[in-house]
Number of protein chains: 2
Amino acid sequence: MQKGERTRQAILEQATNLASVVGLDGLSIGNLATHTGLSKSGLFGHFGSKENLQVETLKAASSLFKDRVVVPALAVERGVPRLNELFERWLSWDTNTGLEGGCIFITASAELDDKPGQARDFLVLRWREWNEVIRRIAEGAVERGHFRSDLDCTQFAYDLNNIFFGFQHAARLLGNEDAYKRVRASFERLVRDSKR
Amino acid sequence: MQKGERTRQAILEQATNLASVVGLDGLSIGNLATHTGLSKSGLFGHFGSKENLQVETLKAASSLFKDRVVVPALAVERGVPRLNELFERWLSWDTNTGLEGGCIFITASAELDDKPGQARDFLVLRWREWNEVIRRIAEGAVERGHFRSDLDCTQFAYDLNNIFFGFQHAARLLGNEDAYKRVRASFERLVRDSKR
DNA sequence: GACAAAAACGAACGTTCGTGCTTTTATAGG
DNA sequence: CCTATAAAAGCACGAACGTTCGTTTTTGTC
C-alpha cells in the first residue's frame with residue numbers, strides 16, 4: 001500500500017468516528033482537517049468534494065460494519081443463534097470499533113432524509129441490504145423450525161430496526177442507564193413472538 | 001395580542017415547520033429570514049440568539065403536540081381506547097399540523113444528542129414527560145383490566161417509542177409505502193403482548 | 001396628530017464554509 | 001542520487017454563518 005492510500009484510510013477512520021458523533025453535517029472539511037492535522041486542501045486532494053467525503057465515509061463505515069457485525073454473525077449456525085449473534089454484535093459494534101457517537105447509520109439517517117444526493121442514495125441502499133440480511137436470517141430461523149412457519153419476515157426486519165433506532169435514542173439522548181436492559185427485553189419479546 | 005406577539009407566533013409556526021424538514025441545524029437565521037420575509041436582525045430582535053430560537057421552536061412544537069396529540073387522547077376513556085387514540089394521533093400529528101418533515105422531536109433527537117445546551121435539555125425533559133404519559137396510559141389499561149397486571153409499563157413506553165422512531169425512518173428515509181401497515185402491525189403486537 | 005416604544009432594517013464584522021489553483025514537499029522507482 | 005509523480009500546503013475567493021449596533025419604520029396610546 002502506498003502513502004496516499006495509507007493516508008486516505010487513516011483519514012476515513014477519523015472521519016467515520018467524527019461523523020458518528022457530530023453527523024455528516026458536522027463533518028466539515030475544516031473540522032476534519034483539525035482532527036487529522038492535514039490542511040483542507042490536502043483533504044480535498046483525497047476526496048474532491050464534501051459530498052464525496054460523505055459518501056466515502058459511509059462506505060468506510062459500511063465495510064467496518066460488514067466486517068464486525070454481518071460477516072461474523074453469518075458464520076454462526078442458522079436460526080436463532082445467528083440472530084442472537086447479529087443482535088449482540090449490532091449492540092456493541094460502535095463501542096467495539098471505537099465509534100464514540102453510536103451507530104453512524106442511524107445518525108446519518110435522520111440527517112439525510114431531506115437531502116437528496118449520493119450520500120442519501122448510498123445510505124438507502126445499505127439500509128435495504130441490511131433489511132435483507134435480517135429478513136434472510138429470520139427465514140433461516142423459520143426453516144430451522146425455530147420460528148413459526150407463517151412469520152412475516154419482512155415485518156420481523158422492520159421490528160428489529162425499530163429496536164435499534166429506539167435504543168440509540170435511549171442510550172444517546174436520554175442517557176438511560178438501563179437502555180441495555182430495555183433493548184434486550186424488546187428483542188426477547190420479538191423473538192418470543194416469532195416463535196408462537 | 002400585539003403586533004410583536006402576532007409576528008412572533010407566525011415566525012415560530014414557520015420555524016417549527018422548517019425545522020421538521022431540515023432539523024434545528026438547518027434552521028439557520030438566514031434560512032428562516034428567507035422563509036419569513038423578515039431580516040436576520042428582525043429575527044434576532046425576537047429571539048436574541050440562535051440557541052433561543054431553537055429552544056422556542058421546540059417549545060412551540062411541544063405546545064402543538066400537546067394540543068393535538070396528548071390532550072385529545074387523554075379525553076378518551078382510559079385503557080386500550082386511550083392508547084389507540086394516542087397512537088393514531090401520534091401517527092398523524094405531523095401531517096395534521098402541516099409539518100412537512102415528520103416528527104420534529106425525532107429529528108431533533110438525533111441532532112442534539114451530542115450538543116449540550118438549553119435545547120438539548122429542553123428536549124430531554126420533554127421526552128421524559130412523554131414517556132411518563134405513555135407509562136400512565138399503560139397503567140390505566142392495567143387498572144382497567146385491559147393489560148395484564150404484571151406488565152412493565154416503563155418497558156411498554158420504551159417499546160412504543162421504538163415503534164415511533166422506526167416509523168419515522170421507514171417513512172422518511174426509505175420512503176416505504178407500506179410503512180403505515182408495518183407500524184400498525186408493530187403496535188398491534190405490542191398491545192397483544194401486553195394483554196397476555 | 002404627537003410621541004415613545006416596539007419592530008424591523010441595513011451595514012458591518014469575524015468566523016467558517018466548500019472549493020480552486022499554484023507552489024512546495026514527500027514519495028516511489030529506476 | 002535523480003526525477004517524475006503524488007501528496008500536501010498555502011493562499012484566495014465568494015457565500016453563509018451568528019451577532020452587533022445604529023437607523024428607519026411601524027405600532028399603540030394619549
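By convention in this document, chain letters (A, B, ...) are assigned in the order of the sequence lines, proteins followed by strands, and residues within each chain are numbered from 1.
For an aromatic pair to be called close, the ring centres must be under 6.0 Å apart, and B:F165 with B:W127 satisfies this. Taking the six-membered ring wherever Trp is involved, the centroid distance between the rings of B:W93 and B:F105 falls below 6.0 Å.
Rounded to whole angstrom, the span from the CD atom of B:E5 across to the C1' atom of C:dA7 amounts to 13 Å.
In this view, A:F187 and A:F87 satisfy the ring-ring contact (aromatic ring centres under 6.0 Å, His included) rule, not counting sequence neighbours. B:Y158 meets the ring-ring contact (aromatic ring centres under 6.0 Å, His included) test with no other residue; sequence neighbours excluded. Taking A:D193 as the reference, A:R196, B:R189 meet the side chain to side chain donor-acceptor pair (under 3.5 Å) condition, with sequence neighbours excluded. For B:E56, the side chain to side chain donor-acceptor pair (under 3.5 Å) partners at least two apart in sequence or on another chain are B:R8. Under the salt bridge (Lys or Arg N to Asp or Glu O under 4.0 Å) criterion, A:D113 pairs with B:R172, not counting sequence neighbours. For B:S39, the side chain to side chain contact (heavy atoms under 4.5 Å, CB included) partners are B:S41, not counting sequence neighbours. By the side chain to side chain contact (heavy atoms under 4.5 Å, CB included) test, A:N17 is found to be paired with A:S20, A:L99, A:E100, residues two or more places apart in sequence or in another chain being considered.
Salt bridge A:R136/A:E139: absent, no basic N to carboxylate O contact under 4.0 Å. Ion pairing between B:D159 and A:R182 fails under the 4.0 Å rule for side-chain N and carboxylate O.
Taking 4.0 angstrom as the limit, B:H46 places none of its side-chain polar atoms (N or O) nearer than this to OP1 or OP2 of C:dA6.
Fit an axis to the five pairs at each end of the helix from C:dG1-D:dC30 to C:dG30-D:dC1 and the two axes sit 20° apart, to the nearest 10 degrees.
Panel note: side chain A:Q118, backbone A:N52; no donor-acceptor pair is recorded below 3.5 Å.
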Output one letter per nucleotide in nucleotides 17-30 of chain C: B when a protein non-hydrogen atom lies under 4.0 Å from the base, S when only the sugar-phosphate is that close, - when neither is. BBBB------SSS-
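Residue pairs satisfying the side chain to side chain donor-acceptor pair (under 3.5 Å) criterion with at least one member in residues 78-89 of chain B, sequence neighbours excluded, are listed as follows: B:R78-B:E143, B:E85-B:R89, B:E88-B:R184.
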Strictly under 3.5 Å: I want the nitrogen or oxygen pairs between protein and nucleotides 1-4 of chain C, one per line.
none

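With a heavy-atom cut-off of 4.0 Å to chain B, the contacted part of DNA chain D has its first and last nucleotide at D:dC17 to D:dT29.
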